[in-house]
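In what follows, a structure is listed as structure tokens, so that the remarks can point back to it.
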Amino acid sequence: MATSNPQIQALLCDMDGTLSDTEVFWQQAERRIIAEYGNPTAGGGPSHQTIGVSMEASAALLRDQYGVALEIDQLIQLAVDFALESMSGGVKWMPGVLALLDEAEAAGIPRVLVTSSPSSVARAIVSELPGQSFDAIISGDDVSSHKPEPEPYLRAAEALGAEVQRCVALEDSVPGVLSALRAGCRVVGVSSTGEAFEPHERLIVRQSLQGLSLRDIAVP
């Protein structure tokens with residue numbers, strides 16, 4: 001895999017909260033499900049507990065904590081439908097991420113989207129990118145073990161034939177950071193929402209991707 005920056009073989013990017021400002025759409029979808037199918041007074045609405053985890057885990061929380069009397073598959077489909085409906089109004093991109101993806105493209109470094117969201121949602125988000133794309137997408141539909149397990153990032157490196165230790169992951173949640181670290185990636189943890197990441201020798205913590213360049217995240 002020839003690139004102009006041999007230290008980084010691939011840039012692996014989380015979606016919700018890292019690439020796109022879409023966590024709010026999922027939270028809106030969850031609140032709507034609770035209001036229409038559950039008990040809105042049970043816990044005050046979804047919290048950070050659903051950020052960065054699998055759709056199955058989020059659905060189980062809605063069912064068990066908020067009394068939503070639906071099957072997991074039904075809950076997931078409702079959340080996807082409601083979120084896509086909200087996203088149709090326009091997707092906002094997180095600060096600095098598009099510039100970093102552009103720099104990687106110019107350097108010949110492939111990019112993979114790594115998300116716990118279903119492939120239908122991932123494709124919808126990618127289709128909104130302004131003149132950019134990803135070389136591969138690893139969605140929640142493509143793995144059997146979700147973040148914080150390492151499989152999503154291992155699969156992303158495998159999709160490109162890259163050494164996972166030479167990949168840099170961009171993440172904004174604790175489960176996502178753990179997933180990438182456990183896989184062996186170098187990780188940029190974006191703490192824009194106040195997430196507290198445990199220190200790690202392969203983890204760089206930033207408040208934002210704004211102003212970040214490839215030289216700042218080069219693999220040693």
Are Arg182 and Pro148 side-chain neighbours, meaning at least one heavy-atom pair lies under 4.5 Å? yes
Path from Ile109 to Leu129 over hydrophobic side-chain contacts below 4.5 Å: yes
Just by distance, with hydrogens left out, do Ser213 and Glu103 show a side-chain donor and acceptor under 3.5 Å apart? no
Within one Ile-Leu-Val-Met-Phe-Trp-Tyr cluster: Leu178 and Leu154, side-chain cutoff 4.5 Å: no
Looking only at side-chain N and O atoms, does Asp73 offer a donor or acceptor that is under 3.5 Å from a partner on Gln77? no
Gap between atom OG of Ser117 and atom CZ of Phe25 - 0.5 Å precision: 12.5 Å
With the side chain counted from C-beta on, respond yes when Ile125 and Trp93 share a heavy-atom pair under 4.5 Å apart, and no when they do not. yes
Nearest-0.5 Å distance that lies between atom OG in Ser173 and atom CG in Asp16: 9.5 Å
Residue pair Arg202 / Gly184: nearest heavy atoms and the distance that separates them: NH1-C, 3.4 Å
Do NZ/NE/NH1/NH2 and the carboxylate oxygens of Glu85 and Arg32 come within less than 4.0 Å? yes
As an exercise, state the distance from CG of Leu181 to CD of Glu198, rounded to the nearest 0.5 Å. 11.0 Å
Please examine the side chains of Leu78 and Val68, heavy atoms only from C-beta on, and report whether any two atoms are closer than 4.5 Å. no
Should Met87 and Val121 count as side-chain neighbours, where that means a heavy-atom distance under 4.5 Å? yes
Considering non-hydrogen atoms only, spot the tightest contact between Ala29 and Ala83 and give its length. CB-N, 3.9 Å
What's the verdict on side chain to side chain contact (heavy atoms under 4.5 Å, CB included) for Met94 and Thr18, showing C-alpha distance, side-chain angles and the deciding distance? CA-CA 6 Å; Met94 298 303 290; Thr18 304; 5.7 Å; no
So which atom in Ala122 and which in Leu113 form the shortest heavy-atom distance, rounded to 0.1 Å? CB-CD2, 4.1 Å
Would Val164 end up clustered with Val187 when hydrophobic side chains under 4.5 Å apart are linked, directly or stepwise? no
Identify, with sequence neighbours excluded, every residue that meets salt bridge (Lys or Arg N to Asp or Glu O under 4.0 Å) alongside Glu128. none
Does Glu151 use its side chain to pair, donor to acceptor, with the backbone of His146 at less than 3.5 Å? no
How about Val143 and Tyr153: do any of their side-chain heavy atoms sit closer than 4.5 Å? no
Would you please name every residue forming a side-chain contact (heavy atoms from CB on, under 4.5 Å) with Ile76, sequence neighbours left out? Met55, Glu56, Ala59, Ile72, Val80
Quick check: closest heavy atoms across Leu70 and Arg63, and the distance to 0.1 Å? O-CD, 4.0 Å
Evaluation steps, side chain to side chain contact (heavy atoms under 4.5 Å, CB included), between Ile217 and Leu11: CA-CA 10 Å; Ile217 59 177; Leu11 195 63; 4.1 Å; yes
With a 4.5 Å cut-off on side-chain heavy atoms, are Ile34 and Leu62 touching? yes
As a quick check of understanding, evaluate side chain to side chain contact (heavy atoms under 4.5 Å, CB included) for Cys13 and Val97, giving each step before the final call. CA-CA 9 Å; Cys13 186; Val97 67; 4.1 Å; yes
Any chance you could measure Leu12, atom CG, to Leu170, atom CG, to the nearest 0.5 Å? 8.0 Å
Minimal non-hydrogen separation, Ala107 against Leu214, with atom names: CB-CD1, 3.9 Å
Nearest 0.5 Å please: distance from the CG atom of Asp172 over to the OG atom of Ser191. 10.0 Å
Are the charged groups of Lys147 and Glu171 less than 4.0 angstrom apart, N to O? yes
Take atom CD of Gln165 as the centre, draw a 6.0 Å sphere, and report whether it contains more than 12 heavy atoms from other residues, nucleotides or ligands. yes
Working to the nearest 0.5 angstrom, can you tell me the gap between Glu163 CD and Glu158 CD? 14.0 Å
Polar contact flag, side-chain donor to acceptor under 3.5 angstrom, Ser127-Arg123: no
Considering only distance and modelled atom types, tabulate donor-acceptor pairs under 3.5 Å from the side chains of residues 133-140, sequence neighbours left out.
unit_1: Asp135; atom_1: OD2; unit_2: Arg111; atom_2: N; d: 2.8
unit_1: Ser139; atom_1: OG; unit_2: Asp141; atom_2: N; d: 3.1
unit_1: Ser139; atom_1: OG; unit_2: Asp142; atom_2: OD2; d: 3.1

Check whether any side-chain heavy atom of Gln207 lies under 4.5 Å from a side-chain heavy atom of Val190, and answer yes or no. no
Check whether any side-chain heavy atom of Tyr66 sits under 4.5 Å from a side-chain heavy atom of Asn39, and report yes or no. no
Shortest non-hydrogen pair, Arg206 vs Gln210, comes out as NH2-O, 3.5 Å
